[in-house]
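Convention: sequence-line order gives letters A, B, ...; per-chain numbering from 1. We use all heavy atoms of the structure for the numbers below, so side chains are in, but hydrogens, waters and symmetry mates are not.
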Amino acid sequence: MVYTNDFVYRLDNIAQVRFFRYYYQTHDTRMTEMPKAYEPQQFEDDLYARWESAGAFTPENLPDFQNREPYTIVVPPPNATATLHVGHASMLAIEDVLIRYHRMNGKRALWIPGTDHAALATQNVVEKMIQKEEGVTRHDLGRAELVRRIEEFVESKRDRIKLQFRKMGASLDWTREAFTLDAPRSLAVRTIFKRMYDEGVIYRGDRVVNWCPRCASTLSDDELETKTRTASLYYFKYAKDFPITIASTQPETKLGDTAVAVHPRDERYQNLIGGVLQVPFGGSRGVVLHLRVVADHGVEKDFGTGALGVTPAHSMVDYGMAIAHQIPLVQIIGEDARMLETAGPDYAGMSVADARTKVVAWLRAEGLIEKEEETEQNVPVCSRCASEIIPLPKLQWFVNVNKKFSFKHSPRAPLAGIEAGSLVTLKETMRHVVETHQTAIIPERFEKIYTHWVDNLRDWCISRQIWYGHRIPVWYCVAQKTAECGAPICSIDDLLMCPHCNGAVDQDPDVLDTWFSSGTWTFTTLGWPYTRVIFVRHGEAWSNVNGVMDAEIFDAQNGLTPEGVAQALVCAGTLVREDAAIILASPVLRTKETAEILSEKLGLEIRFDERLREMATSENFNDRSESFMRDALEEFQGRTVIVVTHAATISLLKNYGVSSMETTEAYPAHACAVVREFDASGSQVGDLNVYHPNAVLETGYDILPNWVARMILMTTYALGEVPFRTVYLHGLVRDAEGRKMSKSLGNGIDPLDVIPKYGTDAVRLALLLGQSPGNDLRMSEEKIAGFRNFTNKLWNVARFILSSGDSCVVTASEIDELELTTLDKWLLSRFADVAAAFSGALERLEFSRAGELLRDFTWNELADWYLEGAKVEGGKSVVLNYVLQNLLKLWHPFMPFVTETIWQTAYAKDDNDFLMVAPWVDFGAMTLYPEAEHEFARAQRVIGAIRALRADYKVAAGAIVPVTIVTKFKQTLALQQPVIEKLARCVVLFADTAPDGQLATVIEEGTITIPKPEAVGDSPDEKIKLEAERDSVAHYIESLRSKLSNEEFVGRAPASVIEKERAKLAEAEERLAAIAERL
RNA sequence: GGACGAUUAGCUCAGUUGGUUAGAGCGCACGAUUCACAUUCGUGAGGUCACUGGUUCGAACCCAGUAUCGUCCACCA
């Protein structure tokens, strides 16, 4: 923890960052010598500070950013009060790989950071804290004070998680940081709420909801968990002479029964269906029930008694039945989980548990119980506090997922398959985008889970009876003096008085479900809602034709020409897709006529504004045009407005980014529309246009319904486009035994513990390799240590390369001009192969495969083979530099710190030359040498065979062994002789026959022998070894022969396969002959 | 009850449209220490690809069924 605080201090402190900048400007930070072991903690924080202060995370600082294709990811916002855990670390590692890869690949890569206010969770934490420390409840503090305390708490914690994100090396654009409860997001939430409310997609209704008595709040279906417990199932009658026996585990709820349901075809009850039975229940001071007997297909004849008591107010299922059969509802349990007066005077005020005991006692006393049995029962509990949920009726706000609304299209990336203006439901759009793969889910099987969830979706209860969060933007008139005052008023701005009677208003006390705001995350982080202003110049007027400049004087005659009318009509056509709120127009005749045409075609109201009039000669026009814009932007914030005005007027709105018109003339073309978007501060922005939809959403599969589905719902509704093209679902990180990491088990791995120990790069590798989408990942400290070793390996590869010659930047064409040995060609060819395969794997989001490929190349082929060979052949500086600098690029997305450190040491031209923004490896330009690959592979096999002989027969490790090779590949192998001799510690003699009395091994390349070493104690018998080998080869040949003599195989298998089998056979036969010769 | 996933070496997992004498890392065994790295190097042992059938010239891979484990959804009053 000391380490964490240290880091907080260093990055939190602006002075410190300035110091970095100063430090790096005035000091030569190049290492004179690389230390023997890589020490990550020596470089990581400094490097991150350098990247950040250089602005390298902001895409607009990338070279040629305007011409780059955008690539966007928004970080799934962690709770603002959370601390980094290994799940966050995994998420960040994956997303950072994507962002860094695409950034280096020439994309305008944007990764937006942010945190979530997590309304209910955060309030619970603070409430508990206050309860513990001060012994008071939220009701003691009051709403304003509690919210103040929570905000204070969030404020004190929010920076911690952000700094921890930095610790992971995440290249997030911190200049665009967002919070789900800040001002821009609040405006967005209110805007979308109002739109939904106005369209009837949001409604307020009295419905049975999930009530958590502990949290004193409603919960959505997705905030529930189930707990299994054993319960007594009582079989009983309501009264002695009651004709139907029912069964229940909660007899106390029967006090609220209003019906008895049976199966429609249950012959026992046919005569009772439709009737109402009146029966006293619960004792003399209990209640009198009026029970309708209804037939419902949901009732199973064979379960229990085949009949059930219906309690509409306190059961979701019963509530459904009550709606279907129009059965009345009686609430008998209150929000404090105590019985109400409606449960009868004997029960009122009792806890549910006590009431149950009392009812059961009464049933027993009356002899009404027929049977009692223990059953396993699943009960819903609150996912936050594990309290049992009580369903009860309550006036709540809902999102209607089955309400038809008029679909609005995005002008940017319209959804395919749903026409603009067509009537659809949220359920339909949610299903549609995934079904048509406009949003693809990886792994694919989660599409089924998603679709299933959508199909079973009920209206989404969005109000919560807590105090922290987005308060519902609805007000009620207190006095209700007029007839109109009764209706709730939804408003984006705070409402101060009733618009009908000017009386006082009360805001709805509830706040919104936290997922309502996080559902808007992909686009509200990009500045939505924008005010779109569409500037339209009037169509061609007679003054334009006649060349009259100061046309104001002829206004009454200066209308549109026929051409001008046509222009206005064309313009109207292009604006059909815009969901504009109003037309604001200059009152002059030509603009008036243009506006009227637009108004008619688009069905919009026109409001004329004097400030839009054409400029009079020598007038300072700026003041009135800008005053107009200020007012318009304020009044229509978040909406789209069409402004019909004059050329000069338009071109003078310099401060609003309108002067650079899309025309070659000094003035905009007639009736041309120029769209500008403005954020809440009135400045022109374009983030949404550039960066939405997001490229990828990367998150855990556990919040697919909660969050991913909600984002699809909100975004298709608000923007008419998908929030993201691809959803990548990662698994949960578990411990080495596969258990969920938890505080109580103490099995968690805290990233902040292991980062200082092994380095961020090692932690990232451990999270990236071995993980696959949708599957859980096992994590252990040993695994991280293994990747720490690899980080060090890479470091030492670089150390060796950089110490064996000058570092220099080398291009592919420079390499092609060199005299290359087979060894060089082998390496370069393998590298070209691996670079292409690695990039391909990343494009397909196969992180683990990509990482393994590159690790194997780096460790085995480069370090173990090429570097060793290079020591023999010498003079490899150029090839080595070339491979290293490209290898660093490939590794950078996975291991940003060690690669950048090496880059800064060896290749950076100046302090602002960062590997993280260097262009990706151009593997397409690399030359492949398939011949050399084969040839060097032969040398590798020979070296392996000699090493194996030495190990098998216990040849002293230091001894130089005379090796005899009988081979038909003498020419190829002779070229590699120095390498073979060094790497296998031997002297090679090529011969036509193998010398007698030596120990032999037979491989594809031929027979290899070494002299018998002295004092062979327990070494294995050569003959037995060879015989074993012979048998296995003979067996192999057997199977190949039978395959090749099978007519069906030869007849049906593809020629290439047969060819391969034949080659295998020939090789094996040769080998067998050589073995036989030795025996 | 429904759906989905997993089952390959002691452990963790690869295995791309069926063409494999089934791979990697860790662990294990044996050997190696001036000369980039012991956070290293070399060699090796270790597998009826859960089981049973089927399709196919050919199955770890496709199909059906079974078993075990896991996850999610829905729940029976």
When we call it a touch if two heavy atoms are under 4.0 Å apart, what does A:Ser848 touch: a base, just sugar-phosphate, or nothing? nothing
Heavy atoms under 4.0 Å, any strand shown: does A:Trp859 hit a base, just sugar-phosphate, or nothing? sugar-phosphate
Please determine, for B:rC28, whether a Watson-Crick or G-U wobble partner exists with both distances under 3.5 Å, and give it or none. B:rG44
Closest nucleotide among B:rA14, B:rU20, B:rG42 to the A:Ser772 side chain: B:rA14
Would a distance-only check, ignoring hydrogens and angles, find a side-chain to backbone donor-acceptor pair under 3.5 Å from A:Arg855 to A:Phe787? no
Strictly below 4.0 Å: does A:Lys871 bring a side-chain N or O up to OP1 or OP2 of B:rA36? yes
Stacked cation flag A:Lys237 on A:Phe242, 6.0 angstrom / 45 deg: no
Strand partner of B:rA67, provided both Watson-Crick or wobble distances fall under 3.5 Å: B:rU7
Would you measure the distance from the P atom in B:rC28 across to the matching atom in B:rA64 and give it in whole Å? 43 Å
P atoms of B:rC61 and B:rU16, separation to the nearest Å: 11 Å
Assign A:Ser803 to base, sugar-phosphate, or nothing according to its heavy-atom contacts below 4.0 angstrom with the strands shown. nothing
Counting the atoms with a prime plus P, OP1 and OP2 as sugar-phosphate, which does A:Asp864 contact under 4.0 Å by heavy atoms, base, sugar-phosphate, or nothing? sugar-phosphate
Checking only heavy atoms, does the side chain of A:Lys36 share a donor-acceptor pair with the base of B:rC37 at less than 3.5 Å? no
Could you measure between the two C1' atoms, the one in B:rG47 and the one in B:rU8, and give it in whole Å? 7 Å
Measuring from the side chain of A:Ala957 (C-beta onward, heavy atoms only), which nucleotide among B:rG31, B:rC37, B:rA77 has the closest atom? B:rG31
Contact class for A:Gln377 vs. all strands (heavy atom < 4.0 Å): base, sugar-phosphate, or nothing? sugar-phosphate
Check this one for me: any side-chain N or O of A:Arg778 less than 4.0 Å away from OP1 or OP2 of B:rU12? yes
Please measure how far the P atom in B:rG54 lies from the corresponding atom in B:rU48, and state the result in whole Å. 22 Å
Which whole-number value in Å describes the distance from A:Leu704 CG to B:rC73 P? 11 Å
Which listed nucleotide (B:rU40, B:rU39, B:rU21) is nearest to the side chain of A:Lys793? B:rU40
Can A:Arg830 be said to sit on top of A:Trp865's aromatic six-ring, NZ or CZ under 6.0 Å from centre and within 45° of the ring axis? no
Scan A:Arg985 against the nucleic acid and name what it touches under 4.0 Å (heavy atoms): base, sugar-phosphate only, or nothing. nothing
Options B:rG5, B:rA36, B:rC75, nucleotide nearest the side-chain atoms of A:Thr226: B:rC75
Taking the same atom, C1', in B:rU39 and in B:rA22, what whole-Å distance lies between them? 31 Å
In whole Å, measure the gap between the C1' atoms of B:rC35 and B:rC41 for me. 14 Å
Interface polar pairs with nucleotides 56-64 of chain B, N/O, under 3.5 angstrom:
{"residue": "B:rC57", "atom": "OP1", "partner": "A:Arg1052", "partner atom": "NE", "Å": "2.9"}
{"residue": "B:rC57", "atom": "OP1", "partner": "A:Arg1052", "partner atom": "NH1", "Å": "2.2"}
{"residue": "B:rC57", "atom": "OP1", "partner": "A:Arg1052", "partner atom": "NH2", "Å": "3.3"}
{"residue": "B:rC57", "atom": "O2'", "partner": "A:Asn1046", "partner atom": "ND2", "Å": "3.2"}

Could you give the distance separating B:rG70 and B:rG27 at their C1' atoms, to the nearest angstrom? 26 Å
State which of B:rU39, B:rG25, B:rU20 makes the closest approach to the side chain of A:Arg855. B:rG25
Applying salt bridge (Lys or Arg N to Asp or Glu O under 4.0 Å), which residue pairs with at least one partner in residues 756-779 of chain A are found, sequence neighbours left out? A:Asp96-A:Arg764, A:Arg734-A:Asp776, A:Lys757-A:Glu781
B:rA3 phosphate, OP1 or OP2: any side-chain N/O from A:Lys448 under 4.0 angstrom? no
Whole-angstrom distance between B:rU66 and B:rA45, as gauged at atom C1': 34 Å
